[in-house]
Asker: 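Take a look at this one; I'll ask things after.
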Amino acid sequence: MKLKYQNIVLRDMEERDIDDEIRWNTVQTEWALWDAPWETEEELKTFDPEAHRQKELGWIAKPRPDHRLCLELDTADGIHLGAVNSYCIDEDCSWLEKAPDTETERRAARWAVGLDICESAYWNGGWGAQALAAFIRYHLDGGYTQLYTQTWSGNLRMIALAEKLGFREYRRKAGIRQVRGKRYDGLTFRLDRAAFEAYCARPGAAACIRPVDGPEEKEAIAASVLAGLPDWFGLPESTAEYIRVSRGLPFWAAVADGKAVGFAALKQTASRTAEIYVMGVLPGLHRSGVGRRLFQALYRHARERGYAFLQVKTVQEGRYPEYDRTNAFYRAVGFTELECFPSLWDQWNPCQVLVMAVD
């Protein structure tokens, strides 16, 4: 089975996935800090790669049910990110070890859906939202309409994802989860169908953020996006310079259905300071959340590399409506004005420097 949705693919597990799973359980284990860590952190200590390989080979060899309860998650261009899954819960929102036997009973049961994105470079980029939305849609189309998701009160990223997709808090069990020496609540959310449909209809829901490594691909994406932003990038020489320099910088693209709709590049300017060198999102996706997700990707990169500050240069507010919106965006994500340099560029474009601390 293979389900394509916007920028992701949900598919049956294959033998090639086992090496990724072993890596995610031995080397790249950051995901385990958030997915039921009261269980997974202990399981990682006793993880046996060869035993896991044999168990998964046995699973792959089994006949698949008509309605899948778990599927692997890929980007549309084939990068394996993790998996989605579902399980039955009872009236008290507790896990049921055995699902109902008949299809009629299964469709009437309560199902909790979840996901793991184990490739941390793809966190906060919209991939989880698209994967879970596709899996929800698959369940709804199959007649599985009582849908829930479960997490714990310390997993703020999953709570935000659940609420964004239209889940609403349904049950809270106080203090039942102990994680790294602290007590947290167990949370169950129930899907609000109308809210889910409203989310899926939003323009920004079709975009995901991904890192880009190849210089030629960076150049092509930057050129394509900046060509669609003449009100911000209307000077050929400076635009060409942005494109050229971006080839060698850490770079993220916003993609929707295989097409780049935005990008951002980060440039180190001092030992502990980096600059948003250039960033752009096509006008049809302004105020859709795509720009904020691009910013979150580069902010995460800056924090992981120990930067203390971020800066960005724009045009002083009050000069052009387009750049007033740009200034408003940067203030909304946490920047503040540092200083204006009236002659750094030219008299028509006084350069405003904005800064923020990296926590």
Asker: For D66, look at atom CG and say whether over 12 heavy atoms of other residues, nucleotides or ligands are found less than 6.0 Å away.
Answerer: no
Asker: At what distance, to the nearest 0.5 angstrom, does CG of L161 lie from CD of E163?
Answerer: 10.0 Å
Asker: Would I89 end up clustered with L115 when hydrophobic side chains under 4.5 Å apart are linked, directly or stepwise?
Answerer: no
Asker: With a distance cut-off below 6.0 Å to the six-membered ring centre and an angular limit of 45° from the axis, does R180 pair with W34 as a cation-pi contact?
Answerer: yes
Asker: Run E105 and T102 through side-chain hydrogen bond (donor to acceptor under 3.5 Å, both in side chains) and show every step you take.
Answerer: CA-CA 5 Å; E105 292 173 320; T102 70; 3.1 Å; yes
Asker: Is it true that E72 and R11 make a salt bridge, defined as a side-chain N closer than 4.0 Å to a carboxylate O?
Answerer: no
Asker: Quick check: are there more than 12 heavy atoms from other residues, nucleotides or ligands sitting under 6.0 Å from CD of E97?
Answerer: no
Asker: One pair to check against side-chain contact (heavy atoms from CB on, under 4.5 Å): F295 and F335. What are the steps and the verdict?
Answerer: CA-CA 11 Å; F295 167 75; F335 282 89; 3.7 Å; yes
Asker: Do the side chains of L69 and N85 get nearer than 4.5 Å, heavy atoms only?
Answerer: no
Asker: Looking at N349 and W345, would you say the former's side chain and the latter's main chain have a donor-acceptor pair under 3.5 Å?
Answerer: no
Asker: Does E219 form a salt bridge (Lys or Arg N to Asp or Glu O under 4.0 Å) with R244? I'd like the steps, not just the answer.
Answerer: CA-CA 7 Å; E219 179 177 350; R244 183 188 66 79; over 6 Å; no
Asker: Has R172 got a side-chain atom pairing as donor or acceptor with E169's backbone, closer than 3.5 angstrom?
Answerer: no
Asker: Would you check if there is a donor-acceptor pair between the side chains of T314 and Q352 at a distance under 3.5 Å?
Answerer: no
Asker: Can you list the residues that meet the ring-ring contact (aromatic ring centres under 6.0 Å, His included) rule with H139, with sequence neighbours excluded?
Answerer: H67, F135, Y144
Asker: Does atom CZ of R287 have more than 12 heavy-atom neighbours from other groups under 6.0 Å away?
Answerer: no
Asker: Would you say the side-chain atoms of D17 pair up with the backbone N or O of E14, donor to acceptor, closer than 3.5 Å?
Answerer: yes
Asker: In terms of side-chain heavy atoms, does S238 have a donor or acceptor partner in E241 at a distance below 3.5 Å?
Answerer: no
Asker: Is Q316 close to Y323 at the side-chain level, that is, under 4.5 Å between some pair of heavy atoms?
Answerer: no
Asker: Is it the case that H80 and D74 place a side-chain donor and acceptor less than 3.5 Å from each other?
Answerer: no
Asker: If you compare all heavy atoms of A174 against all heavy atoms of D185, which two are closest, and at what distance to 0.1 Å?
Answerer: CA-OD1, 3.2 Å
Asker: Has the side chain of S94 got a donor or acceptor atom that lies under 3.5 Å from a matching backbone atom of D90?
Answerer: no
Asker: What distance do L310 atom CG and Y299 atom OH have between them, rounded to the nearest 0.5 Å?
Answerer: 7.5 Å
Asker: Is there a donor-acceptor pair under 3.5 Å between the side chain of T40 and the backbone N or O of D35?
Answerer: yes
Asker: Any side-chain heavy atom of L73 within less than 4.5 Å of one from L10?
Answerer: yes
Asker: Is it true that D12 and K2 have a side-chain N and a carboxylate O under 4.0 angstrom from each other?
Answerer: no
Asker: Keeping W127 on the side-chain end and T75 on the backbone end, is there a donor-acceptor pair under 3.5 Å?
Answerer: no
Asker: So which atom in I8 and which in A134 form the shortest heavy-atom distance, rounded to 0.1 Å?
Answerer: CD1-CB, 3.9 Å
Asker: Would one find more than 12 heavy atoms of other residues, nucleotides or ligands at under 6.0 Å from atom CD of E15?
Answerer: no
Asker: So, R300 and E304, do they make that salt bridge, N to O below 4.0 Å?
Answerer: yes
Asker: Report yes or no: does S224 contribute a side-chain atom to a donor-acceptor pair with the main-chain N or O of A220 at less than 3.5 Å?
Answerer: no
Asker: With sequence neighbours left out, which residue pairs that include part of residues 327-341 fulfil the side chain to side chain donor-acceptor pair (under 3.5 Å) condition?
Answerer: E317-R331
Asker: Considering only heavy atoms from C-beta outward, does the side chain of K313 approach that of E275 to under 4.5 Å?
Answerer: yes
Asker: Given side chains that start at C-beta, do those of C118 and R23 come closer than 4.5 Å, heavy atoms only?
Answerer: no
Asker: To check you understand the geometry: which heavy-atom pair defines the closest contact between R319 and Q347, and what is its length?
Answerer: NH1-O, 4.0 Å
Asker: Supply the atom-to-atom distance W95 CH2 to K98 NZ, rounded to the nearest 0.5 angstrom.
Answerer: 12.5 Å
Asker: Distance-only, no hydrogens or angles: does the Y138 side chain make a donor-acceptor pair with backbone N or O of R68 under 3.5 Å?
Answerer: yes
Asker: Under 4.0 Å between a side-chain nitrogen and a carboxylate oxygen: does that hold for R53 and E56?
Answerer: no
Asker: Donor-acceptor pairs are to be reported for all side-chain atoms of residues 262-271 against protein atoms at under 3.5 Å, with residues two or more places apart or in another chain.
Answerer:
unit_1: Q268; atom_1: OE1; unit_2: Y307; atom_2: OH; d: 3.2
unit_1: Q268; atom_1: NE2; unit_2: A270; atom_2: O; d: 3.0
unit_1: T269; atom_1: OG1; unit_2: T273; atom_2: O; d: 3.4
unit_1: T269; atom_1: OG1; unit_2: Q311; atom_2: NE2; d: 3.2

Asker: Set out, in order, the CA-CA distance, both residues' side-chain angles and the distance that settles ring-ring contact (aromatic ring centres under 6.0 Å, His included) for Y148 and F189, then state yes or no.
Answerer: CA-CA 5 Å; Y148 301 77; F189 295 81; over 10 Å; no
Asker: Side-chain atoms of residues 106-114: list all donor-acceptor pairs with protein atoms under 3.5 Å, sequence neighbours left out, distances to 0.1 Å.
Answerer:
unit_1: R106; atom_1: NE; unit_2: P100; atom_2: O; d: 3.0
unit_1: R107; atom_1: NE; unit_2: G142; atom_2: O; d: 3.1
unit_1: W111; atom_1: NE1; unit_2: R106; atom_2: O; d: 2.8

Asker: Is any side-chain heavy atom of V281 closer than 4.5 Å to a side-chain heavy atom of F329?
Answerer: no
Asker: Which atom pairs, one a donor and one an acceptor, fall under 3.5 Å between side chains of residues 191-207 and the rest of the protein, sequence neighbours left out?
Answerer:
unit_1: D192; atom_1: OD1; unit_2: A194; atom_2: N; d: 3.1
unit_1: D192; atom_1: OD1; unit_2: A195; atom_2: N; d: 3.1
unit_1: E197; atom_1: OE1; unit_2: R137; atom_2: NH1; d: 3.4
unit_1: E197; atom_1: OE1; unit_2: R137; atom_2: NH2; d: 3.1
unit_1: E197; atom_1: OE2; unit_2: R137; atom_2: NH1; d: 2.7
unit_1: R202; atom_1: NH2; unit_2: S288; atom_2: O; d: 3.4

Asker: Would a line drawn from the ring center of W232 to the ring center of H286 be shorter than 6.0 Å?
Answerer: yes
Asker: Give a yes or no on whether the backbone of G318 and the side-chain of D324 come within a donor-acceptor separation of less than 3.5 Å.
Answerer: yes
Asker: Which pair of non-hydrogen atoms, one from Y122 and one from I79, has the smallest distance, and what is that distance?
Answerer: OH-CD1, 3.1 Å
Asker: Which pair of heavy atoms, one from W31 and one from I117, lies closest together, and at what distance?
Answerer: CB-O, 4.1 Å
Asker: Using modelled atom types and a 3.5 Å cut-off, is there a donor and acceptor pairing between side-chain atoms of N7 and backbone atoms of A76?
Answerer: no
Asker: Do W24 and T29 have side-chain atoms, one donor and one acceptor, less than 3.5 Å apart?
Answerer: no
Asker: Does L140 reach the side chain of L147, with side-chain heavy atoms less than 4.5 Å apart?
Answerer: yes
Asker: Decide if atom CH2 of W38 counts as having more than 12 heavy atoms of other residues, nucleotides or ligands within a radius under 6.0 Å.
Answerer: yes
Asker: Show the atom names and distances, to 0.1 Å, of all donor-acceptor pairs under 3.5 Å that link a side chain in residues 211-218 to residues at least two apart or in another chain.
Answerer:
unit_1: E217; atom_1: OE2; unit_2: R210; atom_2: NH1; d: 3.4
unit_1: E217; atom_1: OE2; unit_2: R210; atom_2: NH2; d: 2.4
unit_1: K218; atom_1: NZ; unit_2: L249; atom_2: O; d: 2.7

Asker: Do the side chains of F309 and V355 get nearer than 4.5 Å, heavy atoms only?
Answerer: no
